[in-house]
Amino acid sequence: ASTGYKFEAAPWTPRLGLQANYASGDKGGSTLGTFNALYPRLPYFAEISMLVPANVKDVRPTLTFNPLKNVQVVLGYDMLWRASTADGLYGSGESLFPGTNGAKVTGARIGEETSLDIRWRVDQHLSLGAIAAHLEAGPALAQAGGKSVNFGVLFAKYKF
């Protein structure tokens, strides 16, 4: 789900947004019950894109604004949990992160991701952008030996 409200008359036309996702997890046993999105477009939840939509629920408030006519800034804060503590966490291709299922990991909280996305449309053909994000590992990642992650990318797009 994704919703928001744009303040059209305010300077920089800010938009407050809220996104939420839920992808089921398994309850254990011999039958696989974890949701498989088949070919999810990454990043699905937030910019670091370590997780696919399987055994994850999240809430992500955002603030979007335009400090200049052709510049858009998006600030996001994503809070992630496991949908089922009996199931693990999954990366690209539904690969199970080692140690995230079973008795070793008991926590539900995966962590929080803070992100900054800046995009500048230079002209009708060229766009430039930068994204920076930090995922602070919560108990579900830390118990499996995972650590916090920083991510950054610069990109250019030329359309003709």
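All residue numbers in this chain count up from 1 along the given sequence.
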Would you say that Phe155 contacts Arg119 through its side chain, given a criterion of any heavy-atom pair below 4.5 Å between the two side chains?
yes
Compare all side-chain heavy atoms of Asp58 with those of Ile110 and state whether any distance is below 4.5 angstrom.
no
Test item: Asp117 side-chain N/O and Val74 main-chain N/O as donor-acceptor pair under 3.5 Å
no
Minimum-distance pair of heavy atoms, taken over all atoms of Ser148 and Ala137
OG-N, 3.1 Å
Under 3.5 Å donor-acceptor, Arg82 side chain and Thr100 backbone:
yes
Is the shortest side-chain N to carboxylate O distance from Asp123 to Arg121 below 4.0 Å?
no
Taking it one step at a time, do Ser115 and Arg60 satisfy side-chain hydrogen bond (donor to acceptor under 3.5 Å, both in side chains)?
CA-CA 10 Å; Ser115 62; Arg60 183 175 191 247; 2.9 Å; yes
Within the 4.5 Å heavy-atom criterion, are Trp81 and Val59 side-chain neighbours or not?
yes
When you group the ILVMFWY residues by side-chain heavy-atom contacts below 4.5 Å and let the links chain together, are Leu75 and Ile118 in the same group?
yes
Can you tell me how far the CG atom of Leu126 sits from the CG atom of Leu128, to the nearest 0.5 Å?
4.5 Å
Indicate whether any N or O donor in one side chain lies under 3.5 Å from an N or O acceptor in the other, for Thr34 and Asp87.
yes
Once rounded to the nearest 0.5 Å, what's the spacing between atom OG of Ser2 and atom CD of Gln19?
4.5 Å
Flag the pair Phe65 / Pro67 as yes when at least one side-chain heavy-atom distance between them is below 4.5 Å, and no otherwise.
yes
Are the side chains of Thr13 and Phe7 in touch, meaning some heavy atoms are under 4.5 Å apart?
no
So, do Met79 and Pro61 sit near enough that their side-chain heavy atoms are less than 4.5 Å apart?
yes
Should Leu63 and Leu116 be counted in the same cluster of Ile, Leu, Val, Met, Phe, Trp and Tyr side chains packed under 4.5 Å apart?
yes
Any non-hydrogen side-chain atom of Tyr77 less than 4.5 Å from a side-chain atom of Glu112?
yes
Does the ring center of His125 lie less than 6.0 Å from the ring center of Phe160?
no
